[in-house]
Amino acid sequence: MSEELKKEEKSLNFLEEIIEDDLKNGKYKSIVTRFPPEPNGYLHIGHASSICLNFGLTRKYPGYTNLRFDDTNPVTEDTEYVDSIKDDIRWLGFEWKNERYASDYFDTLHGYAIKLIEKGLAYVDDITAEEMATLKGTPTEPGKNSPCRDRSVQENLDLFARMKAGEFPDGAMTLRAKIDMAHINMLMRDPILYRIKHAHHHRTGDKWCIYPMYDFAHGQSDSIEEITHSICTMEFVPHRELYDWLIEKLEIYPSHQYEFARRNINFTVTSKPNLLQLPTEKFVPGWDDPRMPTITGLRRRGYTPDSIREFCDRIGIAKRDNIVDVGVLEFCVREHLNKIALRRMVVFDPLKLVITNYPGGEEMLPSENNPEDPAGGERLIPFSAELCIERDDFMENPPKKYFRLAPGQMVRLKSAYIIRCDEVIKDEKGEVKELRCTYIPESKSGSDTSGINVKGTLHWVSFPHAVSLEIREYDRLFKVEDPSDEEGDFKDYLNPASLKIVSTALAEASLAKAVFNERYQFIRKGYFCLDKDTSASRLVFNRTVTLKDGWSKEAKKG
RNA sequence: UGACCCAUGGUGUAAUGGUAACACUACUGAUUUUGGUUCAGUCAUUUAUGGUUCGAAUCCAUAUGGGUCAACCA
């Protein structure tokens, strides 16, 4: 126990180390973090990492986390996204202290801009975007000053006021910080602070026609909220210099930025422009398609919040580039679902099986709901002479180590009897149509006195009692590990077999009463959940993940 | 041809100058009325070269490799 505790203490990530230091040496008594999404898309598994990090930190240490929407670009942002983001965070199991918007601070930010102008640290520029790009220089060549750089404070104040008043069209002018056009860091070459956009904002409406840029909104919002640890991804490392510069010149609360490497997962994409194309260009029906790496997609797929949190925890955070194997995510969801899923029997590709010596009628057989959970109870499953089993579970000429059904071979039917295959009936094309079997009456589950030992146990359903199901089997969305790293368009690498619809499935009767949010394990097949496309006349199930399959590996070996 | 960031098994993450470890994967075996689960075990790691030091994954230098930066995006 104490050793376990010690281990836990030891494996702090680099941010926890920084925070523990800050707390220990009295820099802060408590910490404040924030999760700062831009409301222009749905949250994905990469965001989950950031959410778990930011909220997790203030769960572990004294303090709290704000949710702040970085809504400084009205052209791309929308309330639809605000709602989905809040929903996803809550579903993941986190609650924010304050819900804030960068747009809440537009007035303050405007004041900050004026302060900078008055200090001679910002100016209004009216050169074109092209000219500005040219004057900016390149990473290896210094830039050149804009002709507008030396305007008087008074002139700048006047021009900025007229920008705000809407006197100029989009793109006509910008407010720029006056730093150093020869700076080695391109972001310090007089970055744009404000631009003109005559656009309707989802929260401020038409109040503004000038909007702050990210660099003039994010750090300032952090400061206003007195965020102690502003955590972002590595691509913002060069921004930190500007972040600090602005805070210093504005003489406001000194928030600090820390960076970690974004988590990448193989066989999917999470970059915003790429992800956006999938639903908008109809490669998938929507953001919540179960193949999408979005939180809402994973949720519909049947992933649990616990499994996603566990995943984020396991993969940790660091600063180096990484591609996490999607197998880890699958491991986490199997681990959780194994504990909570109700076991049910479903035959996907039915093969008729008749018990020739069954007396007729039916009987109800008990079967445990979850062998991992003794408190989970049992249900009754109807058994009759007319059954079906998985077509895959029978082979006329089985290889070695095949434990399933074959002519003359015996298997156990899960929670029922041991049967022997006596006869194979084929149609005119030679396809196996039906199996004739005899059952061993004294081999009944729970009271087996037959003394017979069989290697294989099959799932089955009673044909007259069966319920028909539609099953959607999902596979990885892309057929290559890193689609955006391949030649050409990433969409060329979509997996054409990412969705397979099984419409022949027959389930045990109890599944007619399946409910949303319940997790099921279809024995020997995988984990499934009811999909929202379910209607009164049609039960639709999503396959969350398959069971680990030792046999297919064995079979491949020959 | 610049600056910045990064470099530990196949993958992800630890080890904070003192025996390179944990998890996933893969592979063996045991158990099993799910070829699942569980349990036991095996394989496999410090980018390179110098330096500092009694001692280096850790500190320093150089090289190499990967990533980022020239949006009125965030």
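So you know, we letter chains A, B, ... as the sequences are listed, proteins then strands, and number each from 1.
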Taking [M] as the reference, what is the distance to [N] when you measure between their [atom1] atoms (whole Å, please)?
N: B:A7; M: B:C59; atom1: P; result: 10 Å
N: B:U46; M: B:U11; atom1: P; result: 12 Å
N: B:A15; M: B:A20; atom1: C1'; result: 7 Å
N: B:U37; M: B:A70; atom1: P; result: 47 Å
N: B:A23; M: B:A14; atom1: P; result: 16 Å
N: B:A26; M: B:U64; atom1: P; result: 38 Å
N: B:U47; M: B:U28; atom1: C1'; result: 33 Å
N: B:C73; M: B:A56; atom1: C1'; result: 44 Å

Does [X] reach a base, just sugar-phosphate, or nothing at all? Heavy atoms under 4.0 Å.
X: A:Ile323; result: sugar-phosphate
X: A:Arg334; result: nothing
X: A:Arg314; result: sugar-phosphate
X: A:Ile315; result: sugar-phosphate
X: A:Gly446; result: base
X: A:Tyr402; result: base
X: A:Lys319; result: sugar-phosphate
X: A:Asn266; result: nothing

Quick check on the 6.0 Å ring-centre criterion: do [X] and [Y] meet it?
X: A:Tyr417; Y: A:Phe383; value: yes
X: A:His239; Y: A:Tyr214; value: yes
X: A:Tyr520; Y: A:Phe528; value: no

Side chain to side chain contact (heavy atoms under 4.5 Å, CB included) partners for A:Ser230, two or more places apart
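Scan of A:Ser230 (side chain to side chain contact (heavy atoms under 4.5 Å, CB included), adjacent residues dropped) gives A:Arg34, A:His218, A:Asp222, A:Ile227, A:Tyr243.
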
Could you work out, with side chain to side chain contact (heavy atoms under 4.5 Å, CB included) as the rule, every residue matching A:Ile323, not counting sequence neighbours?
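A:Ile323: side chain to side chain contact (heavy atoms under 4.5 Å, CB included) contacts with A:Asn264, A:Asn266, A:Asp482.
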
Distance below 4.0 Å between [X] side-chain N/O and [N] OP1 or OP2:
X: A:Arg240; N: B:C4; answer: no
X: A:Arg524; N: B:G35; answer: yes
X: A:Lys553; N: B:A26; answer: yes

RNA chain B in dot-bracket form (Watson-Crick or G-U pairs under 3.5 Å, [ ] crossing, | inter-strand) is .((((((..((((....[..)))).(((((.......)))))....(((((..]....))))))))))).....

Grab the [atom1]-[atom2] distance between [X] and [N] for me, whole Å please.
X: A:Glu508; N: B:U34; atom1: CD; atom2: C1'; answer: 13 Å
X: A:Ile452; N: B:U33; atom1: CD1; atom2: C1'; answer: 14 Å
X: A:Asn264; N: B:C6; atom1: CG; atom2: C1'; answer: 14 Å
X: A:Ile418; N: B:U33; atom1: CD1; atom2: C1'; answer: 9 Å
X: A:Phe331; N: B:G36; atom1: CZ; atom2: P; answer: 14 Å
X: A:Glu481; N: B:G12; atom1: CD; atom2: C1'; answer: 13 Å
X: A:Arg262; N: B:U13; atom1: CZ; atom2: P; answer: 15 Å
X: A:His183; N: B:A3; atom1: NE2; atom2: P; answer: 13 Å

Map A:Ser415 and A:Arg263 onto RNA chain B by nearest heavy atom, then report which one ends up closer to the 5' terminus.
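The 5'-side residue here is A:Arg263.
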
Counting only side-chain heavy atoms from C-beta out, which of [options] sits nearest to [X]?
X: A:Arg343; options: B:G36, B:U33, B:C24; result: B:G36
X: A:Val237; options: B:U34, B:A14, B:C4; result: B:C4
X: A:Gln521; options: B:U34, B:G12, B:G35; result: B:U34

Quick tally for nucleotides 67-74 of chain B: nucleotides whose base has a protein heavy atom under 4.0 Å get B, sugar-phosphate-only ones S, the rest -, giving S-SB-BSB

Base contacts versus sugar-phosphate-only contacts with protein, heavy atoms under 4.0 Å: please encode nucleotides 40-46 of chain B as B, S and - from 5' to 3'.
-------

Test: A:Lys414 and A:Glu368 ion pair at under 4.0 Å:
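A salt bridge links A:Lys414 with A:Glu368.
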
Please find the pair of heavy atoms, one from A:Ile308 and one from A:Tyr303, that lie closest to each other, and give the distance.
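So the minimum-distance heavy-atom pair works out to CD1-CB, 4.2 Å.
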
Distance-minimising heavy-atom pair for A:Arg262 and A:Thr233:
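A:Arg262 and A:Thr233 have their closest heavy atoms at CB-CG2, 3.7 Å.
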
Does the side chain of A:Asn369 pick up a donor-acceptor pair with the side chain of A:Arg344 at under 3.5 Å?
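A:Asn369 vs A:Arg344: donor-acceptor pair found between side chains.
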
Polar contact flag, side-chain donor to acceptor under 3.5 angstrom, A:His44-A:Thr270
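No donor-acceptor contact under 3.5 Å links the two side chains.
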
If you apply the rule ring pair (Phe, Tyr, Trp, His ring centres under 6.0 Å), what do you find for A:His47 with A:Tyr42, and how did you get there?
CA-CA 9 Å; A:His47 292 114; A:Tyr42 278 65; over 10 Å; no

So which pairs with a foot in residues 371-381 of chain A pass side chain to side chain donor-acceptor pair (under 3.5 Å), sequence neighbours left out?
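Counting only pairs at least two positions apart or across chains, the side chain to side chain donor-acceptor pair (under 3.5 Å) contacts touching residues 371-381 of chain A are A:Arg379-A:Glu508.
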
With rounding to the nearest 0.5 Å, note down the distance linking CE in A:Met345 to OG in A:Ser462.
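The distance works out to 10.0 Å.
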
Among A:Leu193, A:Ile192, A:Leu116, whose side chain to side chain contact (heavy atoms under 4.5 Å, CB included) with A:Arg176 holds?
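Single side chain to side chain contact (heavy atoms under 4.5 Å, CB included) partner of A:Arg176 among A:Leu193, A:Ile192, A:Leu116: A:Ile192.
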
